[in-house]
Protein chains: 2
Amino acid sequence: MSRLSQTWNQHVVKKENKALVLKTIQGKAPISRAAIANVTGLNKGTVSSLVSELIDEKLIHESGTGKSSGGRRPVMLLLNETAGFTISVDLGVKSILGVLTDLRGNILSEKKIRFKKKDFDDVLTLLYQLIDELKNDAPESEYGIVGIGIGVPGVVTTEGEILLAPNLGWKKVPLQQILFDHYHVPVTVENEANAGAYGEKVYGVGQMSNELVYASISIGIGVGLILEGKLYKGLRGFSGELGHMTIEKDGANCRCGNKGCWELYASEQALLDQAQINGFDDATVEKLIEAADQGDTKAIQLLENVGDYLGVGITNIIHIFNPEQVVVGNTLRQAEKYIMPAIEKRIEKNAIGFNKNDVVLNVAKLKKHSTVMGIAAFNIEKFFEETGRETVLT
Amino acid sequence: MSRLSQTWNQHVVKKENKALVLKTIQGKAPISRAAIANVTGLNKGTVSSLVSELIDEKLIHESGTGKSSGGRRPVMLLLNETAGFTISVDLGVKSILGVLTDLRGNILSEKKIRFKKKDFDDVLTLLYQLIDELKNDAPESEYGIVGIGIGVPGVVTTEGEILLAPNLGWKKVPLQQILFDHYHVPVTVENEANAGAYGEKVYGVGQMSNELVYASISIGIGVGLILEGKLYKGLRGFSGELGHMTIEKDGANCRCGNKGCWELYASEQALLDQAQINGFDDATVEKLIEAADQGDTKAIQLLENVGDYLGVGITNIIHIFNPEQVVVGNTLRQAEKYIMPAIEKRIEKNAIGFNKNDVVLNVAKLKKHSTVMGIAAFNIEKFFEETGRETVLT
DNA sequence: AAAGTTTGTCTAGTGAATAAACAAAGATCA
DNA sequence: TGATCTTTGTTTATTCACTAGACAAACTTT
């Protein structure tokens with residue numbers, strides 16, 4: 001017979017409590033042992049012994065004494081953020097953006113490589129190059145590079161295989177495996193919108209929200225779902241294909257085979273296509289915003305029109321999930337001045353009261369870093385989980 | 001400072017393991033102590049002691065010996081399903097359906113009351129009457145009525161307040177509180193589609209699925225979401241308002257304030273409205289099905305048309321959630337012969353391959369009992385959780 | 001009849017948490 | 001200034017739940 005589910009014993013208890021202490025330090029540093037005991041409800045002695053293990057493992061360290069509140073001065077504890085580093089990459093359609101972060105998510109180094117040739121082998125060469133450069137920038141540390149992660153504009157399985165990246169022309173690329181074989185450190189490969197959602201949740205505008213929907217509006221539309229504080233991925237990791245939600249039954253044909261897909265009306269591509277029709281040659285999002293800033297009514301109208309269509313889809317999102325926040329990110333975020341009011345107007349007009357009252361609409365706070373920071377958060381989380389699992393002997 | 005999260009100690013371990021043993025018995029009865037130890041991974045001694053506590057609490061009992069497999073014959077354990085009973089009710093727009101179930105979800109008694117006057121006070125009187133009758137049908141037992149639950153066609157908060165039930169004309173009814181004050185047993189009030197989803201998950205067609213979407217197609221459309229094996233309710237319990245998902249931008253006006261809502265095209269109401277226009281006077285779903293069965297091409301076309309529109313929304317669902325199963329329930333389920341092929345055709349035509357290949361489309365197995373059985377499952381689960389919490393002294 | 005198997009209980013031991021005592025270090029106040 | 005009170009962090013004794021392994025009971029196989 002096979003094992004049904006986890007059994008609960010003292011090992012699990014210790015692991016969970018240790019993780020809880022670490023998380024508390026992560027979130028509230030600098031903090032004393034006594035304060036941790038208070039916050040978590042654990043006994044002072046228990047906290048002391050767990051803290052001393054964490055110090056032995058170099059994951060945290062003491063940092064002098066704090067202010068007394070009428071008695072002995074507390075010894076403050078800090079996360080040892082330079083115990084290891086992550087390499088976190090946003091693999092886009094035209095460029096690769098990579099950062100080296102410490103264990104608190106501080107960016108220590110940043111590289112960007114633009115590319116034109118999209119064949120996988122060419123891009124992989126550039127990716128190796130970028131990762132190697134970032135690796136060289138990492139200071140000496142206890143744990144070194146603890147994880148490498150890549151955000152990808154495509155459909156990614158829970159095993160880190162890219163099934164399809166339409167705007168790169170890739171199919172069935174087992175990227176996670178390829179990178180693991182090359183670097184021999186934990187590798188995460190995740191959809192770009194999922195990563196963006198997590199980035200905004202952990203480091204961005206969504207830190208207080210447990211129900212958050214992140215809409216990544218770029219050439220296409222992808223959506224990342226944070227439900228009950230965690231990333232929701234569906235059965236095999238393909239949730240969030242809301243770009244291919246029908247908002248016009250039997251509307252225009254989409255290359256996905258469906259008709260009337262949201263992204264046909266509300267994406268960067270849709271905007272640029274409309275711009276073309278309206279006489280803007282070689283239009284880009286940046287150029288259109290500039291035109292709008294200078295009072296070009298046609299440009300303003302084009303942007304507002306995309307905003308309106310975005311509002312239709314976001315209203316659906318609000319009805320489906322009853323979220324606390326909807327966050328708009330990726331390239332079209334730059335046009336926030338024009339699209340956000342249009343989105344809000346549509347929501348105001350169409351969304352059901354109960355759901356509407358709960359929700360806040362925001363622009364991605366991390367801007368172009370939403371995805372890389374989400375990837376960094378995955379890397380960091382995975383590292384802390386794994387060090388918790390096997391009690392590191394010293 | 002306030003408590004951040006749960007701390008892990010031996011009490012929690014014991015509670016969880018006891019729940020695990022109980023769940024194993026619930027799922028695999030009759031089963032021996034030795035087999036439980038095998039399946040769960042717990043030590044034989046641990047299982048023995050937990051089992052003996054559960055027997056003391058009358059939640060399970062021994063039931064003679066089983067077949068030997070080459071050694072001492074095992075003592076089989078069964079859930080003591082008659083240790084308590086639940087009263088589970090589906091409060092519809094035209095009738096109240098209530099059942100008395102035991103702790104395994106077996107229906108012991110069933111009552112239905114039709115009503116015309118929809119004022120809350122009138123319906124409440126009937127509800128009391130129905131509950132009292134079911135209560136009288138319950139045999140003597142250790143724990144008596146362990147819970148009363150109601151499925152409601154409307155927006156329900158996590159606190160069991162009905163904010164709005166449009167087809168009943170109710171607003172802001174704190175039904176959970178009202179029933180608790182009257183009966184002094186645990187009360188659950190939940191949206192009808194959420195309950196239906198859970199019913200199909202626990203007792204119906206979804207027993208093997210952890211990612212399941214249940215579409216309740218009746219006068220309106222409601223959707224219940226089972227994500228990662230649990231009911232997903234959103235921030236305040238209002239998720240699943242997919243009936244008001246736009247599938248035609250700037251389409252027909254919906255009373256909800258939105259335009260082009262799915263339920264304007266794919267609900268029982270939509271079907272009946274179209275029937276009226278096409279010369280079917282006083283049409284009902286049943287009459288239309290009968291007409292279709294007798295070869296009425298107009299009736300067949302009407303049903304297939306609704307099926308097609310259902311397919312549009314269900315395709316969206318598949319793209320949004322990447323579920324394992326989509327289950328169609330409530331009144332329109334009766335027309336399965338005509339609508340299911342139409343839905344499947346639309347999915348086949350429009351859904352993205354990856355998501356389409358993962359998903360199975362089904363009709364609710366529990367038929368008109370989906371909602372009551374979901375409510376029963378809530379009641380039973382809540383009871384087992386609570387008895388686990390405080391160690392019952394004997 | 002002897003040997004081997006399976007079930008279920010019992011006993012000793014382990015490990016993690018808790019409570020409470022205690023030491024260290026500072027604040028407060030007469 | 002010195003006595004007392006507070007707060008912090010460690011240490012010690014105790015408790016509790018699980019595990020391993022021994023053991024008895026009951027059954028099958030040879």
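Chain letters run A, B, ... following the sequence lines, proteins first, then strands; residues in each count from 1. If you're wondering where the values come from, they're calculated on a predicted model, not measured in any experiment.
- Under the ring-ring contact (aromatic ring centres under 6.0 Å, His included) criterion, B/Phe321 pairs with A/Phe321, sequence neighbours left out.
- Within residues 67-80 of chain A, the residues approaching DNA chain C are A/Ser68, A/Gly70, A/Gly71, A/Arg72, A/Arg73, by heavy-atom distance under 4.0 Å.
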Using a cutoff of under 3.5 Å, can you pull out all pairs of nitrogen or oxygen atoms linking the protein to nucleotides 19-21 of chain C, with atom names and distances?
from: C/dA19; atom 1: N7; to: A/Asn43; atom 2: ND2; distance (Å): 3.0

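- Applying the side chain to side chain contact (heavy atoms under 4.5 Å, CB included) criterion to B/Val202, with sequence neighbours excluded, gives B/Tyr198, B/Ala377.
- As a whole-Å value, the separation of A/Gln10 CD from C/dT18 C1' is 14 Å.
- A sub-4.0 Å separation between OP1 or OP2 of D/dA17 and a side-chain N or O of B/Asn17 is absent.
- Among residues two or more places apart in sequence or in another chain, the salt bridge (charged side-chain N to carboxylate O under 4.0 Å, His left out) test is passed with A/Asp102 by none.
- When the C1' atoms of four end pairs are superposed on the next four at each end of the helix from C/dA1-D/dT30 to C/dA30-D/dT1, using five pairs per end, the two resulting axes differ in direction by 10°, to 10°.
- Residue A/Thr46 places at least one side-chain N or O under 4.0 Å from the OP1 or OP2 atom of C/dT18.
- For A/Thr82, the side chain to side chain donor-acceptor pair (under 3.5 Å) test picks out no residue, with sequence neighbours left out.
- Phosphate proximity of C/dT9 to B/Arg33: present, with a side-chain N or O under 4.0 Å from OP1 or OP2.
- For the pair B/Glu62 CD and C/dT9 C1', the computed distance is 13 Å after rounding to whole Å.
- Not a single side chain to side chain donor-acceptor pair (under 3.5 Å) links A/Glu81 to another residue, sequence neighbours left out.
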Trace of the side-chain hydrogen bond (donor to acceptor under 3.5 Å, both in side chains) decision for B/Thr24 with B/Thr40: CA-CA 8 Å; B/Thr24 307; B/Thr40 60; 5.9 Å; no
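- Between A/Gln325 and B/Leu235 there is no side-chain heavy-atom pair separated by less than 4.5 Å.
- Within the nucleic acid shown, B/Ser49 has no heavy atom closer than 4.0 Å to any nucleic acid atom.
- With sequence neighbours excluded, the residues forming a side chain to side chain contact (heavy atoms under 4.5 Å, CB included) with A/Asn210 are A/Lys201, listed by chain and number.
- Backbone-only engagement by B/Ser32 is indicated by non-hydrogen atom pairs under 4.0 Å involving sugar-phosphate atoms exclusively.
- In this structure, the CD1 atom of B/Ile36 is 14 Å from the P atom of D/dC18, given to the nearest Å.
- For B/Ser109, the side chain to side chain contact (heavy atoms under 4.5 Å, CB included) criterion is met by B/Leu100, B/Lys111, B/Leu134, B/Asp137, not counting sequence neighbours.
- Scanning for side chain to side chain contact (heavy atoms under 4.5 Å, CB included) contacts around B/Thr157 gives B/Glu159, B/Glu161, B/Leu163, B/Phe238, with sequence neighbours left out.
- One atom, NE2 of A/His11, and another, C1' of D/dA17, lie 14 Å apart when rounded to the nearest Å.
- Within the structure, every pair that satisfies the salt bridge (Lys or Arg N to Asp or Glu O under 4.0 Å) test and touches residues 30-52 of chain B, not counting sequence neighbours, is listed here: B/Arg33-B/Glu62.
- Spacing between atom CG of B/Leu50 and atom P of C/dT9 amounts to 12 Å, rounded to whole angstrom units.
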